[in-house]
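Okay, structure first, notes after.
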Number of protein chains: 2
Amino acid sequence: MPSKPLPYERIANELRVGIIDGRLAAGAQLTGENELMQRYSVARETARKALRVLRDEGLTLTRRGVGVFVRDARRVSRHASRNPAIAAVDETSAGMVGVEEVADNVTAPEHIARALGLREGELVCRRVQRQYAGVSTTRRSALYIPMGLAVEASITELDFGPGGAEARLREAGHAPARANEVIRVRMPFRPEAEDMRIEGAVPIVTILRTDYDRNGLAVQASETVLDGSRYALEYDFPLPEA
Amino acid sequence: MPSKPLPYERIANELRVGIIDGRLAAGAQLTGENELMQRYSVARETARKALRVLRDEGLTLTRRGVGVFVRDARRVSRHASRNPAIAAVDETSAGMVGVEEVADNVTAPEHIARALGLREGELVCRRVQRQYAGVSTTRRSALYIPMGLAVEASITELDFGPGGAEARLREAGHAPARANEVIRVRMPFRPEAEDMRIEGAVPIVTILRTDYDRNGLAVQASETVLDGSRYALEYDFPLPEA
DNA sequence: CAGTGGTCTAGACCACTAG
DNA sequence: TAGTGGTCTAGACCACTGT
């Protein structure tokens, strides 16, 4: 173990405790590169490295030309059993919030086909959503319904409103009765992070969900990508007797 | 958007496609700093920056004095409804695998007290586990049982075996019937990453779980920290009628 | 020992943002 | 325009790993 902390570690440590103990609150600006250089008598890259450590820990975000700031750690709860799982109003952001939505029919991607029990190449009805807060995308999701079911339930591109597809499934006797979710966590690739406008080092969460009706038929599957810093995922489930 | 990719971006992009399309398989060694410097005619820090991009994306891990290698992306499934939730044998690692375990009695931390419906300062029986694969810690968990219940169920430090506490609760008529889990994702702090010997940029997952018996009494709570790159979390749950 | 990555410097220029 | 962070260089020394 390091008996003597390196210069950049010392600087990073001092800044970190400032954030964790609350002296530097969310939104507060950190000491910049230039002042760190003077205050600690280090070179530019060393001061930058200290700030990079904090960014890599997800504690700060950098606004180019402006400065380095403490991230807001508030999260919105996503309760998987509820519908919608995510509350409509995103409380983590003070800025513009909204959802974009498009729908179409496509051939099922391989993992979606598997989840829905379809053969490869079969058609599905798809709805893609993108939720944003300010300039950042906080959620991207794609919902897939087997074409046969969609026709049976009179689901078309136009009927995809909030909870709308589910209402149609319900009317058609295919109300979702139980669900399965598989969660994976990873760091975004750079192009991906730029696309979602994720700032700083933030993990993303991918959720593959499959809904089944009371007969065990897979009626819809969805793939969701979340900004991992903005959500807390919650589950309630029964435990087996044995 | 960048019309002209920067030198470090160009290098990072070329390496990334090599990894993603499989030319560089898991475990393969990447071109090192020194050769990147020559091959692309860039300075040391520029070559390093390119490699850092991949590390920050969780694609590679660095072994000092040895080289940069492609990470193994395999994951173990953690099925929340099963007991144990994580399969005993961790298939992601070829090296040494095991679990360390210690138990004691402590006053309940604030969030655990809240989960268990205890007043602050009340005693709980605690079991701490650390699962490791090679030198890395893949899971750290702490299980808490209210002292009153532990006494009632004849749970002592010695009785905490795998599934053992649960068996005692069962015998005492407090078999867990349902559970609640709250998942959060974040980047580890540096000391934390060093403690768990997490290599590269890997998000960690924290799970706060509370188990309830059939009367709705909270019988145990646990806090788990997972290496986010090694697990896929799976849930099965019923959906409400409405 | 040679080869790897890790840290650091001193200086330069650029890109972005705000007043 | 002044101040911020982003990139890059050329060179140095160190720490760690394996043979």
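Below, chains carry the letters A, B, ... as their sequence lines are ordered, and counting in each starts from 1.
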**Item:** Test salt bridge (charged side-chain N to carboxylate O under 4.0 Å, His left out) applied to E234(B) - qualifying residues, sequence neighbours left out
**Value:** none

**Fill in**
Value for NE2 (H111(B)) from CG (L208(B)), rounded to nearest 0.5 Å, stands at 6.0 Å

**Asked** Listed in order of residue number, which residues of residues 30-46 of chain B have a non-hydrogen atom at under 4.0 Å from DNA chain C?
**Response** G32(B), E33(B), N34(B), R44(B), E45(B)

**Message:** A cation-pi test, strictly: NZ or CZ of R10(B) under 6.0 Å from the centre of the six-membered ring of Y40(B) and no more than 45 degrees from its axis. Yes or no?
**Reply:** no

**Request:** Report yes or no: does R75(B) contribute a side-chain atom to a donor-acceptor pair with the main-chain N or O of G228(B) at less than 3.5 Å?
**Result:** yes

**Request:** Can you sort out the partners of E223(B) under salt bridge (charged side-chain N to carboxylate O under 4.0 Å, His left out), two or more places apart, ordered by chain and number?
**Result:** none

**Request:** Apply the side-chain contact (heavy atoms from CB on, under 4.5 Å) test between R140(B) and each candidate in I204(B), V128(B), T206(B), D195(B); give the one that qualifies.
**Result:** D195(B)

**Request:** Heavy atoms of chain B, cut-off under 4.0 Å: which first and last nucleotide of DNA chain C, 5' to 3', fall inside that, if you could look?
**Result:** dG3(C) to dC8(C)

**Item:** Among T137(B), I86(B), V185(B), the one residue meeting side-chain contact (heavy atoms from CB on, under 4.5 Å) with L226(B)
**Value:** I86(B)

**Prompt:** At what distance, to the nearest 0.5 angstrom, does OH of Y235(A) lie from CG of N180(B)?
**Reply:** 11.5 Å

**Asked** Can you tell which of E35(A), E33(A), Q29(A) makes a side-chain contact (heavy atoms from CB on, under 4.5 Å) with T31(A)?
**Response** E35(A)

**Fill in**
Sorted by number, residues from residues 56-69 of chain B placing a heavy atom under 4.0 Å from DNA chain C are T62(B), R64(B), G65(B), V66(B), G67(B), V68(B)

**Message:** Do L36(A) and I11(A) have side chains that approach each other closer than 4.5 Å (heavy atoms only, starting at C-beta)?
**Reply:** yes

**Request:** Using a 3.5 Å limit on both pairing distances, list the dot-bracket string of DNA chain C from the 5' end; Watson-Crick and G-U wobble pairs count, crossing pairs take [ ], interstrand pairs take |.
**Result:** ||||||||||||||||||.

**Message:** Working to the nearest 0.5 angstrom, can you tell me the gap between T46(B) OG1 and K49(B) NZ?
**Reply:** 9.5 Å

**Message:** Check whether R114(B) reaches the backbone of E120(B) with its side chain - one donor and one acceptor, N or O, closer than 3.5 Å.
**Reply:** no

